[in-house]
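Data first, discussion second: the structure below is written as structure tokens.
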Protein chains: 2
Amino acid sequence: MRKQEVTIYDVAREAKVSMATVSRVVNGNSNVRKETRERVEEVIKRLNYQPNAVAQGLASKKTTTVGLIVPELTNLYFAELSKGIDDIALLYKYNIIISSIENRLMKEDQVIQSLLNKQVDGVIYMSNRLPKEVVDAFQRTNTPVVLAGTKDSREELPSVTIDYKKADTEALNLMFNDGKKNLGIVVGDEDAIVNSDNRILAYKKFLKDHNLTEEHIYTNVHDYSDGYNLYSQLVKDGVDGVIVTRDSSAVGILNSAMDAGKKIPEDLEIVTASATQIASVVRPALTTIKQPLYDMGAVAMRMLTKLMDGEEVDDTHIELPYELVKKQSTLNQ
Amino acid sequence: MRKQEVTIYDVAREAKVSMATVSRVVNGNSNVRKETRERVEEVIKRLNYQPNAVAQGLASKKTTTVGLIVPELTNLYFAELSKGIDDIALLYKYNIIISSIENRLMKEDQVIQSLLNKQVDGVIYMSNRLPKEVVDAFQRTNTPVVLAGTKDSREELPSVTIDYKKADTEALNLMFNDGKKNLGIVVGDEDAIVNSDNRILAYKKFLKDHNLTEEHIYTNVHDYSDGYNLYSQLVKDGVDGVIVTRDSSAVGILNSAMDAGKKIPEDLEIVTASATQIASVVRPALTTIKQPLYDMGAVAMRMLTKLMDGEEVDDTHIELPYELVKKQSTLNQ
DNA sequence: TTGAAAGCGCTAACAA
DNA sequence: TTGTTAGCGCTTTCAA
């Protein structure tokens with residue numbers, strides 16, 4: 001960071017006004033006479049003055065920067081959420097500092113602390129791993145936080161999600177109506193609230209409501225190869241219909257089945273719960289619970305702007321509509 | 001950004017030293033007596049003092065923040081590059097401000113200006129759209145820049161790439177040896193240097209060297225549906241082997257062919273030039289020019305840290321090795 | 001080894 | 001409508 005070439009002071013001198021007036025012009029304060037404003041603007045343009053955002057941040061205590069905490073960079077689920085966030089951030093002129101927490105050099109609360117040290121005005125948190133320390137860390141600060149695509153166990157933090165229970169129940173019902181009676185569920189982190197308190201509960205309730213007794217819950221299935229390897233276990237367990245939270249795991253299961261010469265959906269129905277691009281390009285295409293990821297990100301960011309502006313937000317737990325999109329991995333009878 | 005609760009001043013008072021000494025302790029300056037250091041550290045811990053990075057940035061003129069400019073958030077190619085960048089950034093304690101330029105609210109040079117106003121210490125630029133204004137904007141500043149996975153036309157800016165000409169030639173050769181004599185190339189932005197000055201040149205040279213006269217260059221094919229729609233044109237043109245720069249376009253072509261009942265690779269060979277996850281999960285799996293995306297990002301970020309530290313960098317145009325991975329979309333005879 | 005003090009570039013009372 | 005002035009919280013000479 002070189003010595004700044006032209007500062008507000010240079011503009012003030014050149015335009016024969018005080019720094020305060022230049023500051024007012026820069027910030028669009030209306031208390032400036034038209035002619036003065038124009039003169040200052042002319043000088044700003046002539047000198048190509050660019051305000052130093054760091055100095056602005058220090059003086060005003062607002063950095064117009066928000067922190068984004070994401071589990072992995074290379075997961076389209078989070079990328080699509082991020083895109084919605086990014087578009088709204090741009091609209092409201094916020095920059096985004098992105099922090100992934102897959103690298104175990106830094107734990108969640110350290111990442112948050114680092115963001116807070118940078119004086120971000122707000123944070124959007126997308127991991128469904130939400131340990132108590134993290135919730136505490138957020139609650140200790142006055143910096144607003146919004147959860148996107150996840151929630152905390154006591155629903156204390158603002159969040160934007162879909163109705164996971166309802167969505168999963170609908171998906172299970174689809175497979176049940178196709179005649180599949182040995183249903184399973186495949187999730188990533190088992191301790192994630194979205195899983196433990198929503199998806200898995202819904203699954204158990206579904207079994208109970210339909211007098212199905214065989215419970216098949218598979219946890220810690222995170223990626224393509226986890227899914228690929230899981231398939232043989234599904235066969236062993238006689239599972240004939242499965243709901244999978246992660247697209248790449250679902251595709252792993254699919255390919256493993258195909259490679260084993262099995263028929264999808266006849267031998268095994270698959271419903272995936274994310275609907276990123278990867279779920280739609282494989283053949284047979286996967287039936288999905290289509291979460292409105294872009295919108296979820298956008299709504300979360302919009303809520304955050306309100307929180308950062310100190311506005312009242314009436315509903316801090318927003319559930320967006322999802323869609324069950326029937327493709328080729330279910331019979332859809 | 002609330003009023004900061006505990007500042008360097010509080011620590012100084014409590015530890016009965018000056019702010020300067022606290023600053024030295026915080027920054028690991030060795031000119032502090034051991035006992036003094038320990039006393040200060042104790043107070044820091046007790047008060048839970050966290051330095052304000054914005055104030056540090058203003059005073060020291062270093063923000064330990066780098067800007068990342070990426071064409072799209074939802075493209076695994078850039079996500080994998082970003083992951084390499086992120087890991088090295090974390091190692092060197094830099095934060096990342098990410099800016100996508102897909103949203104046309106802001107042009108490239110405005111995005112760059114916004115980053116410079118935030119006083120980033122360096123920038124990594126990943127778009128292969130590199131208009132003259134952008135190169136100029138970079139050269140006007142003293143802020144170091146590294147291009148990752150792309151280069152500027154006059155190769156003035158530091159970059160990390162692979163040897164695109166060599167890679168494409170090798171891919172074309174593979175198809176040629178499989179008996180395909182009506183080869184085509186499918187690219188995204190035709191004016192991207194990587195395409196115009198590298199891939200397309202290599203393609204033309206290959207045709208010439210092998211006395212092939214029919215030139216099939218398809219430009220502006222950006223995504224899955226562009227690829228899907230292009231397929232009928234390929235058929236019309238009698239193309240029997242094609243090299244595609246983007247994975248999603250390649251998968252579009254593949255699926256379009258499959259849906260039309262064609263055989264891949266018998267009717268059409270496909271080689272894709274990125275090798276993201278999407279290319280490996282489709283069936284038949286795509287033969288790819290496997291770019292070491294993670295490494296490219298990591299090397300680019302490492303180079304940037306050197307540049308930011310004012311170190312001499314001997315080689316500012318690094319080409320990393322790629323690998324031609326033969327899968328099911330080529331005959332491989 | 002330590003401290004005093006000037007300043008980084010800006011904002012925001014407050015006064016005029 | 002404009003200017004004066006005191007910070008924002010820290011780093012960094014310079015002197016002791």
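Because the structure is a prediction, the values reported are computed rather than measured.
Relative to the side chain of Arg24(B), the nucleotides dG3(C), dC8(C), dT2(D) differ in distance, and dG3(C) lies closest. In the set dG9(D), dA12(C), dC10(C), dG9(D) carries the atom at the smallest distance from any side-chain atom of Leu58(A). With dT11(D), dA12(C), dG9(D) as the choices, the nucleotide that has an atom nearest any side-chain atom of Gln56(B) turns out to be dT11(D).
A search for side-chain contact (heavy atoms from CB on, under 4.5 Å) contacts involving Thr305(A) returns Tyr92(A), Tyr94(A), Met301(A), Arg302(A), Met308(A), not counting sequence neighbours.
Rounded to a whole Å, the CD atom of Glu5(A) is 14 Å from the P atom of dC8(C). Look at CZ on Arg39(A): it is 11 Å from C1' on dT2(D), rounded to the nearest Å. Computed from coordinates, the Glu38(A) CD to dT2(D) P distance equals 12 Å when rounded to whole Å. Rounded to a whole Å, the OH atom of Tyr9(A) is 13 Å from the P atom of dC10(C). Going from atom NZ of Lys62(A) over to atom C1' of dA12(C) covers 14 Å, rounded to whole Å. Counting to the nearest Å, the C1' atom of dC8(C) and the CG atom of Asn52(A) are 8 Å from each other. For Met19(B) and dT13(D), the CE to C1' distance is 14 Å, given to the nearest whole Å.
A sub-4.0 Å separation between OP1 or OP2 of dC10(D) and a side-chain N or O of Tyr49(B) is present. In this model, the phosphate group of dG3(D) is approached by a side-chain N or O of Ser18(A) to a distance below 4.0 Å at OP1 or OP2. For Lys61(A) and dG9(D), the shortest distance from a side-chain N or O to OP1 or OP2 is below 4.0 Å.
In terms of position along DNA chain D, the nucleotide closest to Thr21(A) lies nearer the 5' end than the nucleotide closest to the other residue of the pair Thr21(A) and Ser23(B).
Applying the ring-ring contact (aromatic ring centres under 6.0 Å, His included) definition to pairs two or more places apart or across chains, those involving residues 100-125 of chain A are Tyr125(A)-Phe138(A). Sorted by first and then second residue, the ring-ring contact (aromatic ring centres under 6.0 Å, His included) pairs involving residues 52-76 of chain A (not counting sequence neighbours) form an empty list. Screening residues 50-70 of chain B for ring-ring contact (aromatic ring centres under 6.0 Å, His included), with sequence neighbours left out, gives no hits.
Proximity of residues 27-36 of chain A to DNA chain C (heavy atom under 4.0 angstrom from any strand atom) is restricted to Asn27(A).
Using modelled atom types and a 3.5 Å distance limit, the side chains of Thr65(B) and Lys118(A) yield a donor-acceptor pair. Asn117(A) and Gln113(A) share a donor-acceptor pair across their side chains, judged by distance under 3.5 Å alone.
Among the heavy atoms of the strands lying under 4.0 Å from Val17(B) are primed sugar atoms or P, OP1, OP2 only; no base atom is included.
Ion pairing of Lys107(B) with Glu133(B) is absent here, as no side-chain N (NZ or NE/NH1/NH2) approaches a carboxylate O to less than 4.0 Å. A salt bridge between Lys45(B) and Glu41(B) is absent, with no side-chain N of the basic residue lying under 4.0 Å from a carboxylate O of the acidic one. Under a 4.0 Å N-O distance rule, the pair Asp10(A)/Arg13(A) qualifies as a salt bridge.
In the helix from dT1(C)-dA16(D) to dA16(C)-dT1(D), the end axes, each obtained as the rotation axis mapping the C1' atoms of four pairs onto the next four within a five-pair block, lie 30° apart to the nearest 10 degrees.
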